[in-house]
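All figures in this text were calculated on a predicted structure; none of them were measured in a lab.
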Amino acid sequence: MTDKADTTTHFGFETVREDEKAGRVQGVFSSVASKYDIMNDVMSGGVHRIWKDAMMDWLAPRPGQRLLDVAGGTGDISFRFLKRAGRGHATVLDLTEPMLVEGRKRAEAERMSDSLTWVVGDAMALPFDANTFDVYTISFGIRNVTRPQDALAEAYRVLKPGGRLMVLEFSQLPNPMMQAAYDAYSFNVIPRMGQMIAGDRDSYQYLVESIRNFPDQDTFLGMVCDAGFGNAKYRNLTMGVAALHSGWKL
């Protein structure tokens, strides 16, 4: 058995030991938590809201469903899910407690408090029984997980038979020239925005680098299938700047 202290992974463009990554990621999101929602709007020009609405359109929440929203810190996906479902329950799980604190501060959290549970936890070792949830979502979070395949396996375990996985993540543009232009924007503009708005250039430099390291759409689709999910497919958003992956526990 390989010692995780001797196994390496990516932290942005840096190579680190696997047992270091979670702590480094926690540091990033603890640093940016209070400005996270503002920065999402600035970085994407507000388009992340359209992507999240597209996620809900495809997901089509139904009354009474139980959602597990992993890396769901500020609650964006859970709030949308509960509004669409009409009634149900959302468990928001995040590795970084300051992100959950920001989520609980939001007005929606007060209005939906009876339908929400906030849990500090690890996507690779979920503190829930098997066959518990109807829906599992992770939005712009799986690229920060040390071993994404382990997170997908955990998603499969905690979903009920017939349950739905949906992953929203930054991805790769199919056109090399467009990808080059997008990279130029990402690497030159976003870290500067991070410095100006959140006072933290390094965290946003990591976020940009983590996007470039994440598998492309088809590679990640293979990972979803390898975790056991059936009827798996994806949809590109904004020409592939982001992608939605869907799968079912059949």
Side-chain angles (χ1 to χ4, degrees), residues 4 7-52 70-74 76-77 94-103 122-124 138-148 151 167-217 219-220 236-243:
K4 290 184 176 61
T7 307
T8 60
T9 188
H10 294 290
F11 180 79
F13 289 163
E14 187 179 351
T15 299
V16 299
R17 295 203 321 261
E18 274 199 354
D19 60 351
E20 289 181 358
K21 181 167 179 174
R24 300 277 292 270
V25 168
Q26 277 183 294
V28 167
F29 286 95
S30 294
S31 174
V32 304
S34 64
K35 301 289 186 180
Y36 184 73
D37 291 324
I38 295 171
M39 277 300 299
N40 277 347
D41 280 331
V42 172
M43 285 192 300
S44 71
V47 175
H48 76 101
R49 297 175 184 272
I50 296 172
W51 295 338
K52 289 169 181 174
V70 174
T74 58
D76 253 6
I77 297 302
D94 203 283
L95 188 66
T96 308
E97 188 167 16
M99 292 288 284
L100 296 173
V101 169
E102 292 301 317
D122 186 342
M124 298 185 297
I138 183 165
S139 174
F140 304 119
I142 200 160
R143 74 181 190 280
N144 299 311
V145 176
T146 303
R147 297 185 302 281
V167 181
L168 172 59
E169 189 52 88
F170 289 110
S171 200
Q172 311 295 329
L173 279 76
N175 182 297
M177 290 184 65
M178 291 170 60
Q179 183 67 53
Y182 177 59
D183 283 349
Y185 162 77
S186 298
F187 285 100
N188 291 301
V189 177
I190 290 176
R192 293 177 187 173
M193 287 182 180
Q195 183 61 47
M196 291 169 57
I197 295 170
D200 187 344
R201 181 188 182 93
D202 290 347
S203 291
Y204 284 91
Q205 182 73 31
Y206 158 73
L207 291 174
V208 171
E209 292 175 1
S210 69
I211 292 168
R212 292 284 68 78
N213 272 336
F214 193 70
D216 66 21
Q217 290 91 323
T219 303
F220 188 68
N236 281 330
L237 303 172
T238 315
M239 299 174 290
V241 172

**Q** I'd like to know if the side chain of E102 and the backbone of T74 have a donor-acceptor N/O pair within less than 3.5 Å.
**A** no
**Q** Starting at CD1 of I190, measure out to CD1 of I211 and round the result to the nearest 0.5 Å.
**A** 6.0 Å
**Q** How far apart are the closest heavy atoms of I142 and I138, and which atoms are they?
**A** N-CD1, 3.5 Å
**Q** Counting distance only, does the side-chain N/O of Q179 pair as donor-acceptor with the main-chain N or O of P174 below 3.5 Å?
**A** no
**Q** Which pair of heavy atoms, one from M239 and one from M178, lies closest together, and at what distance?
**A** SD-CE, 3.3 Å
**Q** Has the side chain of E169 got a donor or acceptor atom that lies under 3.5 Å from a matching backbone atom of G141?
**A** yes
**Q** Closest approach of Q217 and N236, non-hydrogen atoms and distance?
**A** NE2-OD1, 2.8 Å
**Q** Nearest 0.5 Å, what's the CE-CZ distance between M193 and R201?
**A** 12.0 Å
**Q** Ignoring hydrogens, what is the shortest heavy-atom contact between I77 and K52? Give both atom names and the distance.
**A** CD1-CG, 3.7 Å
**Q** Ring-plane angle category for W51 and F170, please: parallel below 30°, perpendicular beyond 60°, tilted otherwise.
**A** perpendicular
**Q** Using the rule given for side chain to side chain contact (heavy atoms under 4.5 Å, CB included), can you reason through V47 versus V241, listing the C-alpha separation, both sets of side-chain angles and the distance that settles it, and then say yes or no?
**A** CA-CA 10 Å; V47 175; V241 172; over 6 Å; no
**Q** Taking side chain as C-beta onward, heavy atoms only, is N213 less than 4.5 Å from R143?
**A** no
**Q** Measure across S210 and N144 and return the closest heavy-atom pair with its distance rounded to 0.1 Å.
**A** OG-OD1, 4.1 Å
**Q** What's the spacing between T238 OG1 and H48 NE2 if we round to 0.5 Å?
**A** 12.0 Å
**Q** Can you tell if the side chain of Y182 reaches within under 4.5 Å of the side chain of R212, non-hydrogen atoms only?
**A** yes
**Q** I need the minimum non-hydrogen distance between D94 and G73, along with the two atoms involved.
**A** OD2-N, 3.0 Å
**Q** Would a 4.5 Å heavy-atom cut-off, applied to side chains only, mark L237 and L168 as touching?
**A** yes
